[in-house]
Amino acid sequence: MDMQWSGESVTDAGGAGNARSVSAFTSDIGEVIEISGSSSQVRFNAVCLTRQSTSDDPSLANAGQVGSQIKVRMGSTWLIANVRSLRIDPAHENAVLGFIDFLGEGDEERLTGKIYNFRRGITRYPTPGSKIFPVSGQDMRQMYAADDRAFIEIGTVYPTKDIRGALYVDAMLGKHFALLGSTGTGKSTAAALILHRICELAPEGHIVMIDPHGEYSAAFKTNGALFDVTNLAMPYWLMNFEEHCEVFLTTNGSERQMDADILAKCLLAAKAKSRASDGISKLTVDSPIPYLLSDLSNNINAEMGKLDKAGDNAPYMRLKTKIDEIKSDPRYSFMFSGMLVADTMANFLSRIFRLPGDGKPISIIDVSGVPSDITSVVVAVLSRMVFDYAIWSRNEPQRPILLICEEAHRYVPAERDAHTSSVGKILGRIAKEGRKYGVSLGLITQRPSDLAEGVLSQCGTILAMRLNNERDQAFVRAAMPEGARGFLDTIPALRNRECIVCGEGVAIPMRILFDPLDDHKRPASSDPLFSELWKDSGGEEEIVARVIKRWRAQGK
(Lines give C-alpha, C1' and ligand atoms only; values in the text may rest on other atoms or scores of the structure.)
Protein backbone atom coordinates (compact mmCIF):
# COMPACT_ATOMS: atom_id res chain seq x y z
CA MET A 1 0.00 0.00 0.00
CA ASP A 2 1.36 3.38 -0.99
CA MET A 3 1.83 6.37 1.22
CA GLN A 4 -1.13 8.70 0.82
CA TRP A 5 -2.99 11.56 2.46
CA SER A 6 -5.32 10.55 5.27
CA GLY A 7 -7.92 12.79 3.66
CA GLU A 8 -8.74 14.57 0.45
CA SER A 9 -7.12 17.86 -0.61
CA VAL A 10 -9.02 20.92 0.54
CA THR A 11 -9.64 24.29 -0.96
CA ASP A 12 -9.72 27.49 1.01
CA ALA A 13 -12.41 30.16 0.73
CA GLY A 14 -10.58 31.84 -2.14
CA GLY A 15 -10.59 28.66 -4.18
CA ALA A 16 -6.84 28.07 -4.11
CA GLY A 17 -5.49 24.67 -3.22
CA ASN A 18 -4.30 24.49 0.36
CA ALA A 19 -1.74 21.84 1.33
CA ARG A 20 -2.17 19.92 4.53
CA SER A 21 0.38 19.99 7.33
CA VAL A 22 2.98 17.25 7.43
CA SER A 23 1.38 15.77 10.56
CA ALA A 24 -1.62 14.70 8.49
CA PHE A 25 0.58 12.65 6.17
CA THR A 26 0.41 9.00 7.15
CA SER A 27 0.00 5.61 5.51
CA ASP A 28 -3.12 3.55 5.39
CA ILE A 29 -2.64 0.19 7.08
CA GLY A 30 -5.42 -1.80 5.44
CA GLU A 31 -9.00 -1.74 4.25
CA VAL A 32 -12.53 -2.61 5.32
CA ILE A 33 -13.69 -5.92 3.84
CA GLU A 34 -16.99 -6.55 5.62
CA ILE A 35 -19.61 -4.42 7.43
CA SER A 36 -22.12 -5.94 9.83
CA GLY A 37 -23.67 -3.62 12.38
CA SER A 38 -21.47 -2.60 15.27
CA SER A 39 -18.82 -5.23 14.46
CA SER A 40 -17.05 -5.37 11.12
CA GLN A 41 -14.03 -7.03 9.53
CA VAL A 42 -10.89 -5.42 8.16
CA ARG A 43 -7.72 -6.63 6.45
CA PHE A 44 -4.43 -5.22 7.74
CA ASN A 45 -1.25 -5.05 5.66
CA ALA A 46 1.39 -6.74 7.83
CA VAL A 47 4.21 -4.75 6.17
CA CYS A 48 2.51 -1.46 7.04
CA LEU A 49 1.91 -2.58 10.62
CA THR A 50 5.60 -3.43 10.95
CA ARG A 51 6.52 0.00 9.58
CA GLN A 52 4.14 1.68 12.06
CA SER A 53 5.65 -0.20 15.00
CA THR A 54 8.84 1.90 14.76
CA SER A 55 6.94 5.19 15.25
CA ASP A 56 7.86 7.45 18.16
CA ASP A 57 4.13 7.98 18.77
CA PRO A 58 2.98 5.15 21.11
CA SER A 59 -0.48 5.20 19.55
CA LEU A 60 0.89 4.73 16.03
CA ALA A 61 3.39 2.12 17.23
CA ASN A 62 0.50 0.05 18.65
CA ALA A 63 -1.62 0.40 15.52
CA GLY A 64 -3.39 -2.81 14.55
CA GLN A 65 -2.89 -4.52 17.89
CA VAL A 66 -5.78 -5.97 19.90
CA GLY A 67 -7.26 -3.17 21.97
CA SER A 68 -5.89 -0.38 19.76
CA GLN A 69 -7.99 2.10 17.76
CA ILE A 70 -8.18 2.66 14.03
CA LYS A 71 -10.06 5.25 11.96
CA VAL A 72 -11.96 5.11 8.69
CA ARG A 73 -12.69 8.24 6.69
CA MET A 74 -16.23 8.94 5.49
CA GLY A 75 -16.36 12.28 3.68
CA SER A 76 -15.45 14.91 6.25
CA THR A 77 -15.95 12.53 9.18
CA TRP A 78 -13.62 10.04 10.83
CA LEU A 79 -15.15 6.83 12.17
CA ILE A 80 -13.27 5.39 15.17
CA ALA A 81 -13.21 1.64 15.85
CA ASN A 82 -11.55 -0.67 18.36
CA VAL A 83 -9.64 -3.78 17.27
CA ARG A 84 -11.21 -6.79 19.00
CA SER A 85 -9.36 -9.79 17.52
CA LEU A 86 -6.76 -10.70 14.87
CA ARG A 87 -5.91 -13.78 12.78
CA ILE A 88 -3.84 -14.65 9.73
CA ASP A 89 -5.56 -14.25 6.35
CA PRO A 90 -4.90 -17.56 4.53
CA ALA A 91 -6.01 -16.08 1.21
CA HIS A 92 -3.56 -13.17 1.14
CA GLU A 93 0.16 -13.15 1.82
CA ASN A 94 1.33 -10.60 4.42
CA ALA A 95 -2.26 -9.88 5.44
CA VAL A 96 -3.96 -10.06 8.83
CA LEU A 97 -7.73 -10.18 9.35
CA GLY A 98 -9.19 -8.21 12.23
CA PHE A 99 -12.62 -7.78 13.78
CA ILE A 100 -13.43 -4.25 14.89
CA ASP A 101 -16.16 -2.60 16.97
CA PHE A 102 -17.18 0.95 16.07
CA LEU A 103 -16.97 3.36 19.00
CA GLY A 104 -17.86 6.79 17.64
CA GLU A 105 -17.06 9.49 15.13
CA GLY A 106 -15.40 12.89 14.94
CA ASP A 107 -15.17 15.70 12.44
CA GLU A 108 -12.07 16.15 10.31
CA GLU A 109 -10.03 19.31 10.71
CA ARG A 110 -9.71 20.75 7.22
CA LEU A 111 -6.03 21.75 7.35
CA THR A 112 -4.50 18.88 9.30
CA GLY A 113 -6.88 15.96 8.87
CA LYS A 114 -6.98 15.50 12.66
CA ILE A 115 -10.08 14.53 14.64
CA TYR A 116 -12.11 17.04 16.64
CA ASN A 117 -15.62 17.18 18.11
CA PHE A 118 -15.61 13.47 18.89
CA ARG A 119 -18.93 11.85 19.97
CA ARG A 120 -20.04 8.33 20.84
CA GLY A 121 -21.96 6.33 18.22
CA ILE A 122 -21.86 6.59 14.44
CA THR A 123 -24.39 7.98 11.98
CA ARG A 124 -23.33 5.98 8.92
CA TYR A 125 -21.14 3.00 8.13
CA PRO A 126 -18.20 2.82 5.72
CA THR A 127 -18.33 0.73 2.58
CA PRO A 128 -16.14 -2.31 1.94
CA GLY A 129 -12.88 -1.18 0.40
CA SER A 130 -12.59 1.96 2.55
CA LYS A 131 -9.02 2.56 3.71
CA ILE A 132 -8.20 2.33 7.43
CA PHE A 133 -5.61 4.44 9.23
CA PRO A 134 -3.98 4.35 12.64
CA VAL A 135 -5.21 6.71 15.35
CA SER A 136 -2.45 9.11 16.37
CA GLY A 137 -1.66 10.50 19.80
CA GLN A 138 -3.16 13.84 18.77
CA ASP A 139 -6.34 12.06 17.69
CA MET A 140 -6.52 10.33 21.08
CA ARG A 141 -6.15 13.66 22.88
CA GLN A 142 -9.23 14.87 21.05
CA MET A 143 -11.13 11.63 21.68
CA TYR A 144 -10.42 11.48 25.39
CA ALA A 145 -10.44 15.22 26.10
CA ALA A 146 -12.92 16.01 28.86
CA ASP A 147 -15.80 18.29 27.95
CA ASP A 148 -17.44 20.93 30.14
CA ARG A 149 -19.08 18.36 32.47
CA ALA A 150 -17.75 17.85 36.01
CA PHE A 151 -15.03 15.18 35.89
CA ILE A 152 -12.17 13.61 37.81
CA GLU A 153 -8.91 12.38 36.30
CA ILE A 154 -7.82 8.96 37.53
CA GLY A 155 -4.98 7.87 35.26
CA THR A 156 -3.42 7.76 31.80
CA VAL A 157 -4.93 6.18 28.69
CA TYR A 158 -3.15 3.13 27.27
CA PRO A 159 -0.71 3.11 25.46
CA THR A 160 0.19 6.76 26.07
CA LYS A 161 1.90 8.26 29.11
CA ASP A 162 0.40 11.74 29.01
CA ILE A 163 -3.22 11.49 27.80
CA ARG A 164 -5.46 11.67 30.85
CA GLY A 165 -8.44 9.41 31.48
CA ALA A 166 -11.46 11.23 32.89
CA LEU A 167 -14.59 10.01 34.65
CA TYR A 168 -17.69 12.19 34.42
CA VAL A 169 -18.90 12.29 38.00
CA ASP A 170 -22.58 13.09 37.43
CA ALA A 171 -23.00 10.41 34.75
CA MET A 172 -21.07 7.82 36.77
CA LEU A 173 -22.88 8.42 40.06
CA GLY A 174 -26.28 9.10 38.51
CA LYS A 175 -26.52 5.54 37.18
CA HIS A 176 -24.35 3.65 39.70
CA PHE A 177 -20.93 2.11 39.09
CA ALA A 178 -19.02 -1.09 39.82
CA LEU A 179 -15.30 -1.64 40.41
CA LEU A 180 -14.29 -5.24 39.74
CA GLY A 181 -10.96 -7.05 40.02
CA SER A 182 -9.29 -10.14 41.41
CA THR A 183 -7.42 -10.00 44.71
CA GLY A 184 -4.04 -8.31 44.41
CA THR A 185 -4.77 -6.24 41.30
CA GLY A 186 -4.89 -2.92 43.18
CA LYS A 187 -8.67 -2.76 43.53
CA SER A 188 -8.76 -1.23 47.01
CA THR A 189 -6.18 1.40 46.10
CA ALA A 190 -8.12 2.21 42.92
CA ALA A 191 -11.31 2.63 44.98
CA ALA A 192 -9.48 4.93 47.41
CA LEU A 193 -8.09 6.97 44.49
CA ILE A 194 -11.53 7.46 42.91
CA LEU A 195 -13.09 8.42 46.26
CA HIS A 196 -10.26 10.85 47.08
CA ARG A 197 -10.73 12.56 43.71
CA ILE A 198 -14.49 12.80 44.28
CA CYS A 199 -13.91 14.25 47.76
CA GLU A 200 -11.51 16.82 46.30
CA LEU A 201 -14.10 17.76 43.69
CA ALA A 202 -16.96 17.92 46.24
CA PRO A 203 -15.62 18.64 49.76
CA GLU A 204 -19.22 19.08 50.99
CA GLY A 205 -20.42 15.79 49.49
CA HIS A 206 -22.23 12.93 51.21
CA ILE A 207 -20.55 9.53 50.86
CA VAL A 208 -21.11 6.45 53.02
CA MET A 209 -18.70 3.52 52.64
CA ILE A 210 -19.28 0.07 54.13
CA ASP A 211 -15.81 -1.29 54.95
CA PRO A 212 -15.93 -4.99 55.96
CA HIS A 213 -12.18 -5.40 56.55
CA GLY A 214 -11.18 -2.12 58.22
CA GLU A 215 -8.94 -1.17 55.27
CA TYR A 216 -10.09 2.33 54.38
CA SER A 217 -9.86 4.16 57.71
CA ALA A 218 -6.11 4.56 57.14
CA ALA A 219 -6.79 6.16 53.73
CA PHE A 220 -9.28 8.80 54.92
CA LYS A 221 -7.88 9.94 58.27
CA THR A 222 -7.74 13.59 57.19
CA ASN A 223 -10.84 13.97 55.01
CA GLY A 224 -13.23 11.33 56.35
CA ALA A 225 -15.35 10.59 59.42
CA LEU A 226 -14.32 7.19 60.77
CA PHE A 227 -16.77 4.88 62.55
CA ASP A 228 -16.43 1.42 64.07
CA VAL A 229 -18.04 -0.48 66.95
CA THR A 230 -16.49 1.94 69.46
CA ASN A 231 -18.25 5.06 68.17
CA LEU A 232 -20.95 3.99 65.69
CA ALA A 233 -23.74 4.08 68.33
CA MET A 234 -26.42 2.80 65.96
CA PRO A 235 -29.74 2.51 67.87
CA TYR A 236 -31.41 -0.90 67.63
CA TRP A 237 -34.84 0.70 67.20
CA LEU A 238 -33.83 1.96 63.74
CA MET A 239 -34.33 -1.60 62.48
CA ASN A 240 -37.53 -2.35 60.60
CA PHE A 241 -39.53 -5.48 61.39
CA GLU A 242 -37.72 -7.69 58.86
CA GLU A 243 -34.38 -6.75 60.38
CA HIS A 244 -35.74 -7.38 63.90
CA CYS A 245 -36.68 -10.87 62.74
CA GLU A 246 -33.17 -11.54 61.42
CA VAL A 247 -31.70 -10.64 64.81
CA PHE A 248 -34.24 -12.10 67.24
CA LEU A 249 -35.64 -15.17 65.47
CA THR A 250 -33.71 -18.43 65.49
CA THR A 251 -36.19 -20.84 63.88
CA ASN A 252 -37.32 -21.69 60.34
CA GLY A 253 -40.50 -22.72 58.57
CA SER A 254 -43.84 -22.63 60.40
CA GLU A 255 -42.14 -22.07 63.77
CA ARG A 256 -40.49 -18.92 62.45
CA GLN A 257 -43.84 -17.55 61.30
CA MET A 258 -45.31 -18.19 64.74
CA ASP A 259 -42.36 -16.44 66.43
CA ALA A 260 -42.64 -13.52 63.99
CA ASP A 261 -46.33 -13.04 64.80
CA ILE A 262 -45.57 -12.88 68.52
CA LEU A 263 -42.64 -10.49 67.96
CA ALA A 264 -44.76 -8.17 65.78
CA LYS A 265 -47.50 -7.90 68.39
CA CYS A 266 -45.14 -7.28 71.30
CA LEU A 267 -42.89 -4.92 69.34
CA LEU A 268 -45.82 -2.75 68.27
CA ALA A 269 -47.01 -2.55 71.86
CA ALA A 270 -43.53 -1.53 73.07
CA LYS A 271 -43.31 1.24 70.47
CA ALA A 272 -46.83 2.41 71.25
CA LYS A 273 -45.98 2.70 74.96
CA SER A 274 -42.92 4.88 74.37
CA ARG A 275 -44.78 7.13 71.94
CA ALA A 276 -48.21 7.18 73.60
CA SER A 277 -48.02 10.91 74.27
CA ASP A 278 -46.73 11.97 70.82
CA GLY A 279 -50.01 11.53 68.97
CA ILE A 280 -48.52 9.47 66.12
CA SER A 281 -51.56 8.04 64.35
CA LYS A 282 -49.82 5.69 61.90
CA LEU A 283 -47.53 3.70 64.13
CA THR A 284 -46.33 0.42 62.57
CA VAL A 285 -43.76 -2.23 63.43
CA ASP A 286 -41.48 -0.63 60.81
CA SER A 287 -41.62 2.88 62.32
CA PRO A 288 -38.18 4.05 63.59
CA ILE A 289 -39.53 4.82 67.08
CA PRO A 290 -37.38 4.45 70.25
CA TYR A 291 -38.57 1.75 72.62
CA LEU A 292 -37.14 -0.15 75.59
CA LEU A 293 -35.93 -3.70 75.16
CA SER A 294 -37.21 -4.29 78.69
CA ASP A 295 -40.69 -3.26 77.51
CA LEU A 296 -40.43 -5.76 74.66
CA SER A 297 -39.44 -8.52 77.13
CA ASN A 298 -42.25 -7.56 79.50
CA ASN A 299 -44.79 -7.69 76.67
CA ILE A 300 -43.57 -11.17 75.73
CA ASN A 301 -43.92 -12.24 79.36
CA ALA A 302 -47.42 -10.77 79.51
CA GLU A 303 -48.46 -12.61 76.34
CA MET A 304 -46.99 -15.84 77.66
CA GLY A 305 -48.97 -15.45 80.88
CA LYS A 306 -52.33 -15.07 79.19
CA LEU A 307 -54.68 -17.99 79.66
CA ASP A 308 -56.16 -17.73 76.18
CA LYS A 309 -52.91 -18.11 74.30
CA ALA A 310 -52.66 -21.00 71.84
CA GLY A 311 -49.84 -23.50 71.80
CA ASP A 312 -47.02 -23.87 74.31
CA ASN A 313 -44.51 -21.49 75.88
CA ALA A 314 -41.60 -22.40 73.58
CA PRO A 315 -41.95 -19.50 71.06
CA TYR A 316 -42.13 -16.95 73.88
CA MET A 317 -39.15 -18.45 75.68
CA ARG A 318 -37.07 -18.48 72.47
CA LEU A 319 -37.71 -14.78 71.90
CA LYS A 320 -37.10 -13.80 75.51
CA THR A 321 -33.89 -15.84 75.73
CA LYS A 322 -32.50 -14.30 72.50
CA ILE A 323 -33.30 -10.75 73.63
CA ASP A 324 -31.66 -11.34 77.02
CA GLU A 325 -28.62 -12.86 75.33
CA ILE A 326 -28.12 -9.85 73.05
CA LYS A 327 -28.64 -7.37 75.91
CA SER A 328 -25.96 -9.04 78.02
CA ASP A 329 -23.38 -9.67 75.26
CA PRO A 330 -20.83 -6.78 75.16
CA ARG A 331 -20.14 -7.42 71.46
CA TYR A 332 -23.59 -6.04 70.66
CA SER A 333 -23.30 -2.92 72.86
CA PHE A 334 -22.61 -0.64 69.88
CA MET A 335 -26.22 -1.26 68.85
CA PHE A 336 -28.19 -2.74 71.75
CA SER A 337 -26.85 -0.68 74.65
CA GLY A 338 -29.32 0.82 77.12
CA MET A 339 -27.65 4.18 76.39
CA LEU A 340 -29.17 4.14 72.88
CA VAL A 341 -32.79 4.44 73.99
CA ALA A 342 -32.94 8.22 73.58
CA ASP A 343 -34.24 9.67 70.31
CA THR A 344 -30.88 10.26 68.61
CA MET A 345 -32.07 9.61 65.04
CA ALA A 346 -31.38 13.15 63.81
CA ASN A 347 -27.87 13.14 65.27
CA PHE A 348 -27.15 9.67 63.87
CA LEU A 349 -28.26 10.59 60.34
CA SER A 350 -26.29 13.86 60.45
CA ARG A 351 -23.11 12.07 61.53
CA ILE A 352 -23.32 9.17 59.10
CA PHE A 353 -24.58 11.07 56.05
CA ARG A 354 -22.27 14.06 56.67
CA LEU A 355 -25.04 16.64 57.00
CA PRO A 356 -23.20 19.02 57.01
CA GLY A 357 -19.94 17.58 55.77
CA ASP A 358 -17.58 19.94 57.65
CA GLY A 359 -14.88 19.27 55.08
CA LYS A 360 -15.10 15.49 55.65
CA PRO A 361 -17.52 14.32 52.95
CA ILE A 362 -17.03 10.57 53.44
CA SER A 363 -18.06 8.26 56.29
CA ILE A 364 -16.05 5.05 56.60
CA ILE A 365 -18.16 2.46 58.46
CA ASP A 366 -15.75 -0.23 59.64
CA VAL A 367 -17.91 -3.31 60.31
CA SER A 368 -14.97 -5.68 60.84
CA GLY A 369 -15.60 -5.63 64.59
CA VAL A 370 -19.33 -6.35 64.28
CA PRO A 371 -20.36 -9.92 65.26
CA SER A 372 -20.64 -11.94 62.07
CA ASP A 373 -24.22 -13.05 62.75
CA ILE A 374 -25.55 -9.48 62.59
CA THR A 375 -23.10 -7.90 60.13
CA SER A 376 -25.61 -8.19 57.28
CA VAL A 377 -28.30 -6.61 59.47
CA VAL A 378 -26.04 -3.64 60.29
CA VAL A 379 -25.29 -3.15 56.60
CA ALA A 380 -29.00 -3.51 55.80
CA VAL A 381 -29.95 -0.83 58.35
CA LEU A 382 -27.31 1.61 57.07
CA SER A 383 -28.28 1.01 53.42
CA ARG A 384 -32.00 1.29 54.14
CA MET A 385 -31.50 4.50 56.13
CA VAL A 386 -29.80 6.01 53.08
CA PHE A 387 -32.68 5.00 50.84
CA ASP A 388 -35.48 5.89 53.25
CA TYR A 389 -33.95 9.29 53.98
CA ALA A 390 -33.83 10.00 50.25
CA ILE A 391 -37.50 9.02 49.86
CA TRP A 392 -38.81 11.07 52.79
CA SER A 393 -36.72 14.15 51.90
CA ARG A 394 -38.06 14.53 48.36
CA ASN A 395 -39.67 17.92 49.06
CA GLU A 396 -36.52 19.23 50.77
CA PRO A 397 -33.37 20.73 49.18
CA GLN A 398 -31.75 17.69 47.60
CA ARG A 399 -28.68 16.10 49.19
CA PRO A 400 -27.71 13.13 47.00
CA ILE A 401 -25.87 10.33 48.82
CA LEU A 402 -23.30 7.89 47.42
CA LEU A 403 -23.30 4.45 49.09
CA ILE A 404 -20.14 2.40 48.52
CA CYS A 405 -20.36 -1.32 49.28
CA GLU A 406 -17.02 -3.14 49.47
CA GLU A 407 -17.12 -6.95 49.06
CA ALA A 408 -20.58 -6.50 47.55
CA HIS A 409 -20.96 -10.21 46.73
CA ARG A 410 -21.25 -10.90 50.48
CA TYR A 411 -24.40 -8.80 50.74
CA VAL A 412 -26.05 -9.28 47.34
CA PRO A 413 -25.28 -12.94 46.66
CA ALA A 414 -26.41 -14.85 43.59
CA GLU A 415 -27.84 -17.79 45.57
CA ARG A 416 -31.50 -18.64 45.08
CA ASP A 417 -32.31 -17.90 48.71
CA ALA A 418 -30.88 -14.37 48.47
CA HIS A 419 -34.43 -13.00 48.70
CA THR A 420 -34.51 -13.94 52.38
CA SER A 421 -31.76 -11.43 53.17
CA SER A 422 -32.86 -7.91 54.07
CA VAL A 423 -29.54 -6.42 52.92
CA GLY A 424 -29.86 -8.15 49.55
CA LYS A 425 -33.34 -6.74 49.13
CA ILE A 426 -32.44 -3.14 49.96
CA LEU A 427 -29.25 -3.06 47.87
CA GLY A 428 -31.17 -4.60 44.97
CA ARG A 429 -33.83 -1.94 45.35
CA ILE A 430 -31.24 0.85 45.46
CA ALA A 431 -29.68 -0.56 42.26
CA LYS A 432 -33.06 -0.47 40.51
CA GLU A 433 -34.66 2.66 41.95
CA GLY A 434 -31.96 4.64 43.75
CA ARG A 435 -31.19 7.14 41.00
CA LYS A 436 -34.80 8.36 41.05
CA TYR A 437 -34.31 9.51 44.64
CA GLY A 438 -30.73 10.76 44.47
CA VAL A 439 -29.04 7.63 45.87
CA SER A 440 -26.01 6.33 44.00
CA LEU A 441 -24.58 2.85 44.53
CA GLY A 442 -20.93 1.91 44.12
CA LEU A 443 -20.22 -1.84 44.17
CA ILE A 444 -16.70 -3.16 44.75
CA THR A 445 -16.14 -6.90 44.42
CA GLN A 446 -13.58 -9.51 43.44
CA ARG A 447 -16.25 -12.05 42.43
CA PRO A 448 -18.78 -10.40 40.09
CA SER A 449 -20.23 -13.80 39.16
CA ASP A 450 -21.33 -14.21 42.79
CA LEU A 451 -23.40 -11.03 42.67
CA ALA A 452 -27.16 -11.29 42.39
CA GLU A 453 -28.27 -11.49 38.78
CA GLY A 454 -29.29 -8.11 37.45
CA VAL A 455 -27.54 -5.94 40.05
CA LEU A 456 -24.34 -5.53 38.01
CA SER A 457 -26.38 -4.80 34.88
CA GLN A 458 -27.92 -1.82 36.73
CA CYS A 459 -24.47 -0.21 36.99
CA GLY A 460 -24.10 2.34 34.20
CA THR A 461 -20.30 2.52 34.53
CA ILE A 462 -18.07 -0.53 34.95
CA LEU A 463 -14.40 -0.40 35.88
CA ALA A 464 -12.93 -3.87 35.32
CA MET A 465 -9.43 -4.68 36.52
CA ARG A 466 -7.79 -8.05 35.89
CA LEU A 467 -10.15 -10.98 36.47
CA ASN A 468 -8.54 -14.41 36.53
CA ASN A 469 -11.70 -16.49 36.76
CA GLU A 470 -13.39 -17.32 33.43
CA ARG A 471 -16.83 -17.26 35.05
CA ASP A 472 -16.23 -13.73 36.30
CA GLN A 473 -14.99 -12.64 32.87
CA ALA A 474 -18.12 -14.04 31.20
CA PHE A 475 -20.34 -12.32 33.77
CA VAL A 476 -18.70 -8.94 33.15
CA ARG A 477 -18.80 -9.46 29.39
CA ALA A 478 -22.57 -9.97 29.57
CA ALA A 479 -23.01 -6.74 31.54
CA MET A 480 -20.85 -4.52 29.32
CA PRO A 481 -22.02 -2.70 26.17
CA GLU A 482 -21.30 -4.14 22.71
CA GLY A 483 -18.63 -1.62 21.74
CA ALA A 484 -16.40 -2.64 24.64
CA ARG A 485 -15.95 -6.26 23.59
CA GLY A 486 -12.49 -5.66 22.18
CA PHE A 487 -11.39 -4.20 25.49
CA LEU A 488 -12.95 -7.05 27.45
CA ASP A 489 -10.72 -9.61 25.75
CA THR A 490 -7.71 -7.88 27.32
CA ILE A 491 -9.03 -8.18 30.93
CA PRO A 492 -7.04 -11.37 31.74
CA ALA A 493 -3.84 -9.66 30.50
CA LEU A 494 -4.18 -6.38 32.41
CA ARG A 495 -1.29 -5.39 34.65
CA ASN A 496 -1.77 -4.32 38.26
CA ARG A 497 -3.32 -0.83 38.48
CA GLU A 498 -4.69 -1.17 34.94
CA CYS A 499 -8.40 -1.03 34.25
CA ILE A 500 -10.97 -1.16 31.46
CA VAL A 501 -13.60 1.57 31.89
CA CYS A 502 -16.81 1.69 29.89
CA GLY A 503 -20.33 2.99 30.22
CA GLU A 504 -21.96 6.29 31.10
CA GLY A 505 -19.03 7.72 33.05
CA VAL A 506 -16.64 7.91 30.06
CA ALA A 507 -16.88 9.33 26.56
CA ILE A 508 -15.79 6.02 25.02
CA PRO A 509 -14.46 2.74 26.48
CA MET A 510 -10.83 3.08 27.50
CA ARG A 511 -7.98 1.19 29.07
CA ILE A 512 -6.20 3.24 31.70
CA LEU A 513 -3.35 2.98 34.17
CA PHE A 514 -4.41 4.38 37.55
CA ASP A 515 -2.37 7.19 39.04
CA PRO A 516 -0.10 6.22 41.95
CA LEU A 517 -1.52 7.17 45.35
CA ASP A 518 0.43 8.72 48.23
CA ASP A 519 1.15 6.30 51.07
CA HIS A 520 -1.00 8.20 53.58
CA LYS A 521 -3.97 8.00 51.21
CA ARG A 522 -3.77 4.25 50.61
CA PRO A 523 -5.97 1.67 52.34
CA ALA A 524 -4.33 -0.78 54.73
CA SER A 525 -4.59 -3.67 52.27
CA SER A 526 -1.01 -4.28 51.16
CA ASP A 527 0.08 -7.91 50.85
CA PRO A 528 2.49 -9.17 53.55
CA LEU A 529 6.07 -9.81 52.44
CA PHE A 530 6.54 -13.32 53.81
CA SER A 531 10.23 -13.53 52.91
CA GLU A 532 10.96 -10.34 54.88
CA LEU A 533 8.55 -10.72 57.79
CA TRP A 534 9.65 -14.29 58.49
CA LYS A 535 13.17 -12.97 59.14
CA ASP A 536 11.91 -11.07 62.20
CA SER A 537 12.10 -12.79 65.55
CA GLY A 538 11.69 -11.91 69.22
CA GLY A 539 8.87 -10.66 71.43
CA GLU A 540 6.45 -13.41 70.40
CA GLU A 541 5.29 -14.06 73.98
CA GLU A 542 4.26 -10.43 74.46
CA ILE A 543 2.55 -10.42 71.05
CA VAL A 544 0.51 -13.51 71.89
CA ALA A 545 -0.45 -12.12 75.30
CA ARG A 546 -1.67 -8.81 73.84
CA VAL A 547 -3.60 -10.58 71.08
CA ILE A 548 -5.34 -12.90 73.54
CA LYS A 549 -6.28 -9.94 75.75
CA ARG A 550 -7.92 -8.11 72.84
CA TRP A 551 -9.46 -11.36 71.62
CA ARG A 552 -11.14 -12.07 74.93
CA ALA A 553 -12.24 -8.48 75.41
CA GLN A 554 -13.62 -8.41 71.83
CA GLY A 555 -11.92 -5.07 71.35
CA LYS A 556 -9.13 -3.57 69.28
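- Partners of D89 according to the side-chain hydrogen bond (donor to acceptor under 3.5 Å, both in side chains) rule, which considers only residues two or more places apart in sequence or in another chain, are R43, H92.
- Across all non-hydrogen atoms, the minimal contact from S68 to Q65 is OG-O, 2.6 Å.
- The side-chain contact (heavy atoms from CB on, under 4.5 Å) test applied to T461 returns M172, F177, L463, V501, E504, not counting sequence neighbours.
- Within the structure, side chain to side chain donor-acceptor pair (under 3.5 Å) pairs that include any residue of residues 436-445 comprise H409-T445 (at least two apart or interchain).
- For F475, the ring pair (Phe, Tyr, Trp, His ring centres under 6.0 Å) test picks out no residue, with sequence neighbours left out.
- Formation of a donor-acceptor pair under 3.5 Å by the R120 side chain with backbone atoms of A507 is found in this model.
- The side-chain contact (heavy atoms from CB on, under 4.5 Å) check on A380 picks up E243, S422, V423, with sequence neighbours excluded.
- The two atoms that bring I100 and I70 nearest to each other are CG2-CD1, 3.8 Å, heavy atoms only.
- For residues 193-220, every residue pair satisfying the ring pair (Phe, Tyr, Trp, His ring centres under 6.0 Å) rule, not counting sequence neighbours, is listed here: H196-F220.
- In the displayed structure, K521 atom NZ is contacted under 6.0 Å by more than 12 heavy atoms of other residues, nucleotides or ligands.
- Partners of Q458 according to the side-chain hydrogen bond (donor to acceptor under 3.5 Å, both in side chains) rule, which considers only residues two or more places apart in sequence or in another chain, do not exist here.
- Side chain of D472 to main chain of S449: a donor-acceptor pair is present (N/O by atom type, distance under 3.5 Å, no hydrogens or angles).
- Side-chain contact between P509 and N82 is absent, with no heavy-atom pair separated by less than 4.5 Å.
- Within the structure, salt bridge (Lys or Arg N to Asp or Glu O under 4.0 Å) pairs that include any residue of residues 204-226 do not occur (at least two apart or interchain).
- Put simply, the side chain of R435 never gets that close to the backbone of K175: no donor and acceptor are under 3.5 Å apart.
- Taking 4.5 Å as the limit, some side-chain heavy atom of L97 sits within range of a side-chain heavy atom of I33.
- Contact annotation: the side chain of M465 approaches that of L179 to within less than 4.5 Å [non-hydrogen atoms, C-beta and beyond].
- A 4.5 Å side-chain heavy-atom check between D139 and I80 finds every atom pair outside the cut-off.
- What you find for S40 and F102 is that their closest heavy atoms are OG-CE1, 3.4 Å.
- One N or O on the side chain of K187 and one on the backbone of G181 form a donor-acceptor pair closer than 3.5 Å.
- Checked against side-chain hydrogen bond (donor to acceptor under 3.5 Å, both in side chains), T375 has no partners two or more places apart in sequence or in another chain.
- Between Y144 and I508, some side-chain heavy-atom pair lies under the 4.5 Å cut-off.
- Checking side-chain atoms of R354 against main-chain N and O of P361 turns up no donor-acceptor pair under 3.5 Å.
- Between P212 and V367, the shortest heavy-atom contact is CA-CG2, 3.6 Å.
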Are L494 and R511 close enough, and set up right, to give a side chain to side chain contact (heavy atoms under 4.5 Å, CB included), and what steps lead you there? CA-CA 9 Å; L494 291 176; R511 175 179 172 179; 3.5 Å; yes
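- Looking at heavy atoms from C-beta onward, S130 lies out of side-chain contact with Y125 at the 4.5 angstrom threshold.
- Taking D107 as the reference, T77, Y116, N117, R119 meet the side-chain contact (heavy atoms from CB on, under 4.5 Å) condition, with sequence neighbours excluded.
- By the side-chain contact (heavy atoms from CB on, under 4.5 Å) test, R149 pairs with D147, Y168, A171, sequence neighbours left out.
- Looking only at side-chain heavy atoms (C-beta outward), Q69 and M143 come within less than 4.5 Å of each other.
- Shown here is F227, whose CZ atom has more than 12 heavy atoms of other residues, nucleotides or ligands within 6.0 Å.
- Side chains of T127 and I35 form no contact here, defined as non-hydrogen atoms less than 4.5 Å apart.
- Within the structure, the salt bridge (Lys or Arg N to Asp or Glu O under 4.0 Å) test picks out the following pairs touching residues 161-173 (sequence neighbours left out): R141-D162, E153-R164, R164-D515.
- In this structure a side-chain-to-backbone donor-acceptor pair under 3.5 Å is present from T185 to S182.
- With hydrogens and angles ignored, the 3.5 Å screen pairs a side-chain donor or acceptor of H176 with a backbone N or O of I430.
- Closest approach of S85 and V66 over heavy atoms only: CA-CG2, 4.2 Å.
- M74 approaches L79 most closely through the heavy-atom pair CG-CD1, 3.6 Å.
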